[in-house]
Novice: 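Please see the structure below; I have some questions.
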Amino acid sequence: MTRNDEKRQAAEAALAYVDDDSIVGVGTGSTVAYFIEALAGMRRRIRGAVSSSEQSTQLLKKHGIEVMDLNAVGPLELYVDGADECDPHKRLIKGGGAALTREKIVAAASRRFVCIIDASKQVDLLGSFPLPIEVIPMARSHVGRQISKLGGHPVWRDGTVTDNGNWIIDVHGLRIIDPPALETELNQIAGVVTVGLFAHRKADVVLVGNRTL
Ligand code: 5RP
């Protein structure tokens with residue numbers, strides 16, 4: 001079984017959490033692309049979706065699924081999204097696709113967060129995957145210096161502009177012993193928009209291929 005097979009299995013398993021007549025929060029990435037494809041098969045049974053990125057919005061529309069404004073329809077019952085890393089407590093690193101800010105907003109506005117991954121994303125300790133942080137462009141160097149003081153190695157994802165017009169710093173070399181504490185600490189740095197640690201609002205259910213955690 002390949003990673004893509006596992007992503008597709010997890011994405012299809014997530015359909016079981018979609019209620020008839022509901023509005024579904026939809027994340028971003030290659031695993032979510034499988035989910036959107038699967039959701040299209042039941043699009044007449046749902047009212048629509050709230051999207052976490054321009055990329056997912058395009059895909060949803062292409063599959064005939066109406067995209068709605070979170071301000072008009074939230075809170076939501078369900079958010080489905082992938083992750084870059086997932087620890088045994090269902091805490092996540094996200095943002096490999098630079099969509100972390102809208103992903104965090106839709107996750108926060110949803111009652112249940114179902115995370116869909118392949119087994120390569122499971123880790124005992126978060127931090128091998130460089131932690132993405134969305135920053136206001138003028139704060140890039142300042143945020144980088146603060147991160148260095150905390151022992152991380154900040155690398156600017158040069159050329160990437162988020163859907164919100166901001167930049168991404170990837171933080172290498174972290175061993176994240178206390179994810180909620182680090183999320184809180186990084187959130188205090190002036191110029192940080194969103195930290196790609198989903199520790200305070202972690203996943204409720206994790207689907208790894210056809211296994212449920
Ligand atoms: C995008 C994300 C994605 O969920 C994460 O990068 C996983 O992507 P994929 O499903 O392609 O492996 O956080 O910002």
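Each residue takes its place number in the sequence, starting with 1. Counting starts at 1 for both ligands and their atoms, following the listed order. Since the structure is predicted, the reported quantities are computational estimates derived from the model, not experimental observations.
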Novice: Do the rings of Phe198 and Phe113 sit parallel, tilted or perpendicular, given the 30° and 60° boundaries?
Specialist: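 Rings of Phe198 and Phe113: perpendicular, as their planes differ by over 60°.
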
Novice: Listing by chain and number, which residues have a heavy atom under 4.0 Å from ligand 1?
Specialist: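 Contacting ligand 1 under 4.0 Å are Lys7, Thr28, Gly29, Ser30, Thr31, Asp81, Gly82, Ala83, Asp84, Lys94, Gly95, Gly96, Gly97, Ala98, Ala99, Glu103, Lys121.
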
Novice: Is it the case that over 12 heavy atoms from other parts of the model lie below 6.0 angstrom from the CG atom of Asp69?
Specialist: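 Counting neighbours around CG of Asp69, more than 12 heavy atoms of other residues, nucleotides or ligands fall under 6.0 Å, so yes.
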
Novice: Is the positively charged end of Lys7 above the ring of Tyr34, judged by distance under 6.0 angstrom from the centroid and angle within 45° of the axis?
Specialist: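 Judged by the rule (NZ or CZ under 6.0 Å from the ring centre, within 45° of its axis), Lys7 is not positioned above Tyr34.
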
Novice: For the residue pair Asp5 and Thr2, confirm or rule out a side-chain donor-acceptor distance under 3.5 Å.
Specialist: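 Yes, side-chain donor-acceptor contact under 3.5 Å.
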
Novice: State which residues pass salt bridge (charged side-chain N to carboxylate O under 4.0 Å, His left out) with Lys104; sequence neighbours excluded, sorted by chain then number.
Specialist: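 Residues passing salt bridge (charged side-chain N to carboxylate O under 4.0 Å, His left out) with Lys104: Glu183.
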
Novice: Going by atom types only, do Thr162 and Glu134 share a side-chain donor-acceptor pair under 3.5 Å?
Specialist: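 Per modelled atom types, Thr162 and Glu134 side chains form a pair under 3.5 Å.
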
